[in-house]
Amino acid sequence: MLNLKLIREQSSQIQELLQRRNPEGYDIQPILDLDQKQREIETQRSQLSARGNEIGKTIGQKIRTGSDPKGSEIAALKEEGNSIKAQLGELEPQEKDLKTQIESLLLQLPNLPDESTPVGKDETENVEVRRWGEEYIPENDKILPHWEIGEKLGILEFKRAVKVAQSRFVNLIGAGAALERALINFMLDKQIEAGYTEIMPPVLVNTDSLTGTSQLPKFSEESFKCSDDDLWLTPTAEVPLTNLYRGEILEASQLPIHHCAYTPCFRREAGSYGKDTRGLIRLHQFNKVELVKLVHPDNSEAEHQALVKNAEAILQALKLPYRVIELCTGDLGFGAAKCYDLEVWLPSSETYREISSCSNFRDFQARRANIRFKEAGKKGTKYVHTLNGSGLAVGRTMAAILENYQLPNGTVQIPEVLQPYLKREFL
RNA sequence: GGAGAGGUGGCAGAGUGGUCGAAUGCGCUCGACUUGAAAUCGAGUGUACUGCAAAGUACCGUGGGUUCGAAUCCCACCCUCUCCGCCA
């Protein structure tokens with residue numbers, strides 16, 4: 001959520017920054033108008049309240065000091081009190097209604113892109129930052145796409161997953177399941193080593209949590225909802241991890257907080273019916289190791305860079321070629337101010353595919369989730385900055401391994417760093 | 001699912017119609033005493049909004065209601081805990 005005060009005081013800059021995302025997408029003028037009205041009413045209302053409080057106190061005092069509770073003096077005060085009450089009865093609902101409208105408009109506004117975020121209209125204008133590793137280009141199409149080699153090896157099973165659940169689900173079988181587990185353990189071990197504290201959070205989360213991290217209200221069709229309860233299947237561990245501290249005032253000395261978690265993630269993938277219908281790339285349920293940071297605003301840029309490196313370290317350890325892309329303003333996620341995607345090389349289609357997305361939300365989520373901190377000896381509170389990134393999407397990592405480590409003889413080598421976990425060298 | 005208890009500041013906990021944004025204790029900050037520390041003593045210590053400011057307003061789980069006035073009374077809802085049942 002954007003800071004209303006800032007919208008009011010720097011409206012033209014803010015309008016301009018929002019236009020970098022989408023030239024016609026956002027108009028803050030209605031918010032400014034409502035805000036103006038709301039403050040006018042608030043001034044009136046609080047002056048009336050002040051007089052009302054004064055009357056209340058006066059009546060109490062007079063009765064205590066011996067005035068006749070049924071006398072004319074008290075009756076006159078009561079009458080004034082009643083008239084104030086009647087006026088407040090009109091103003092209060094108006095003010096409340098304005099506040100609700102403002103709040104709901106604010107919740108629909110995306111974060112401001114960082115000044116450094118490249119301006120562009122869509123993903124074609126994203127900027128490549130760096131590449132790592134050598135692209136594996138198969139000769140004569142000998143490399144099978146991961147879903148084919150996976151089925152051939154008997155470790156991926158899609159048909160029965162449809163029977164058990166629906167399309168876009170998978171059964172991992174035998175070594176496939178073991179490989180997934182090995183990847184999860186490897187990723188967690190690596191991030192714990194890098195200083196993150198592991199959390200195993202609830203994967204059902206409530207509406208407040210999803211609003212706090214900005215999946216709601218705009219993207220409700222993206223998550224699975226439990227119809228009988230105010231609970232949703234978490235689309236990413238970002239939600240439970242960031243919301244751990246919702247509504248809290250932390251001590252500055254507690255920062256930075258670095259958490260990692262493995263969770264299954266659930267996404268409805270509404271609106272992507274034709275896309276990536278085969279394989280592990282786009283499933284309704286997938287595993288992910290997530291990194292979440294809550295940091296002091298002064299350090300958020302450095303923390304962001306470090307977070308990207310933490311995610312990259314996994315790909316490097318697995319020796320998977322990848323590139324780092326900085327998203328342009330038109331492709332930036334709703335809550336992000338700045339975002340780097342890691343894209344892994346998939347030789348079967350000779351493309352790079354997103355395997356991690358590392359975002360700096362600055363105070364956008366913190367303001368929604370009301371996560372603040374206090375500096376010792378200083379007055380007041382500030383919002384923390386929140387950051388998160390995948391470290392990594394496990395299913396997509398498996399896909400990348402099945403393709404990049406595929407040998408001409410139809411077997412798949414296990415990356416060296418995973419061998420201690422799997423206790424084997426080939427699939 | 002059944003029965004009961006309860007939701008008040010960082011924590012514990014008092015408060016059953018006005019002097020309550022809220023006692024007291026703990027914690028924390030500053031100061032005194034001390035070679036230093038502990039103990040002791042003194043002072044301070046919630047958040048947010050409006051306003052240039054003075055100041056004002058709001059907040060005792062949430063939402064309504066009664067009243068000149070509600071943490072306190074009434075109604076509805078939510079949540080937590082305990083016991084029983086069921087269950088990995």
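Keep in mind that what you see is a predicted model, and the values were worked out from it rather than measured. By convention in this document, chain letters (A, B, ...) are assigned in the order of the sequence lines, proteins followed by strands, and residues within each chain are numbered from 1.
Atom C1' of rC86(B) sits at a distance of 16 Å from the matching atom of rA3(B), rounded to the whole Å. Separation of the P atoms belonging to rC83(B) and rC74(B) is 29 Å when rounded to the nearest angstrom. Separation of the C1' atoms belonging to rG4(B) and rG85(B) is 15 Å when rounded to the nearest angstrom. Using C1' as the reference atom, rC60(B) and rA38(B) are 37 Å apart when rounded to the nearest Å. Separation of the P atoms belonging to rC75(B) and rG6(B) is 16 Å when rounded to the nearest angstrom. Using P as the reference atom, rA32(B) and rA70(B) are 46 Å apart when rounded to the nearest Å. As rounded to the nearest Å, rA71(B) and rU82(B) have P atoms that lie 31 Å from one another. Straight-line distance between the P atoms of rG7(B) and rA12(B): roughly 12 Å, to the nearest whole Å.
Salt bridge Lys5(A)/Glu9(A): absent, no basic N to carboxylate O contact under 4.0 Å. Between Lys382(A) and Asp363(A) there is no salt bridge, since none of the side-chain N atoms of the basic residue sits less than 4.0 Å from a carboxylate O of the acidic one.
Side chains of Asp68(A) and Ile74(A) form no contact here, defined as non-hydrogen atoms less than 4.5 Å apart.
Residue order along RNA chain B, read from the 5' end via each residue's closest nucleotide, puts Ala50(A) first among Asn82(A) and Ala50(A). The residue among Ile249(A) and Thr43(A) whose nearest nucleotide of RNA chain B lies closer to the 5′ end is Ile249(A).
For Phe224(A), the ring pair (Phe, Tyr, Trp, His ring centres under 6.0 Å) test picks out His284(A), with sequence neighbours left out.
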Inset, instruction - Starting at the 5' end of RNA chain B, write a dot or bracket for each base, bracketing those in Watson-Crick or G-U wobble pairs whose two distances are under 3.5 Å and using | for partners on another strand. - result: ((((((((.[[[..)..(.....]]]((((((.......))))))(((((....))))).[[[[[..)....]]]]])))))))....
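Taking all atoms of both residues into account, the shortest heavy-atom contact from Cys260(A) to Ile192(A) is SG-CG1, 4.1 Å. Contact detail for Ala194(A) and Asn310(A): the closest heavy-atom pair is CB-ND2, 3.9 Å.
Asn370(A) and Arg368(A) form no side-chain donor-acceptor contact under 3.5 Å, judged by distance and modelled atom types alone. If you check the side chains of Glu238(A) and Thr213(A), you find no donor sitting under 3.5 Å from an acceptor.
In this pair, Phe334(A) and Phe364(A) present their aromatic rings perpendicular. The plane angle is above 60°, beyond the 30 to 60° band.
If you take CG of Leu6(A) and P of rC49(B), they are 13 Å apart, rounded to a whole angstrom. A straight line from CG of Leu231(A) to C1' of rC78(B) spans 13 Å, rounded to a whole angstrom. Taking atom CD on Glu95(A) and atom C1' on rC59(B), their separation rounds to 14 Å, with Å as the unit. As rounded to whole Å, 13 Å separates atom P of rG69(B) from atom CG of Leu48(A). One atom, CD of Glu79(A), and another, P of rU67(B), lie 15 Å apart when rounded to the nearest Å.
Closest approach to the Ile55(A) side chain among rU50(B), rC68(B), rG64(B) is made by rC68(B) (side chain taken as heavy atoms from C-beta onward). With distances taken from any side-chain atom of Arg372(A) to the nucleotides rU57(B), rU67(B), rU47(B), the minimum falls on rU47(B). The side chain of Arg64(A) lies closest to rU19(B) when the candidates are rG51(B), rG63(B), rU19(B). Candidate nucleotides rG69(B), rU57(B), rC49(B) were compared by shortest atom distance to the side chain of Arg45(A), and rU57(B) ranks first. Distances were taken from every side-chain heavy atom of Ile63(A) (C-beta onward) to each of rG69(B), rG64(B), rG18(B); the shortest belongs to rG18(B). For Thr381(A), whose side chain is taken as the heavy atoms from C-beta onward, the closest listed nucleotide among rU50(B), rG18(B), rA48(B) is rA48(B). Across rU50(B), rG56(B), rG64(B), the shortest atom-to-atom separation from the side chain of Lys96(A) is found for rG64(B).
Residue Lys374(A) is in sugar-phosphate contact alone, with no base atom involved, counting any heavy-atom pair closer than 4.0 Å across all strands shown. Nucleic acid contact for Ile59(A): base, since at least one base atom lies under 4.0 Å from a heavy atom of the residue. Across all strands, Asn53(A) comes closer than 4.0 Å only to sugar-phosphate atoms, never to a base (heavy-atom distances). Using a 4.0 Å heavy-atom criterion, one finds that Lys62(A) contacts no nucleic acid atom at all. Thr58(A) comes within 4.0 angstrom of no nucleic acid atom, judged by non-hydrogen atoms across all strands. Looking at heavy-atom distances under 4.0 Å, Ile84(A) makes no contact with the nucleic acid at all. Looking at heavy-atom distances under 4.0 Å, Arg51(A) makes no contact with the nucleic acid at all.
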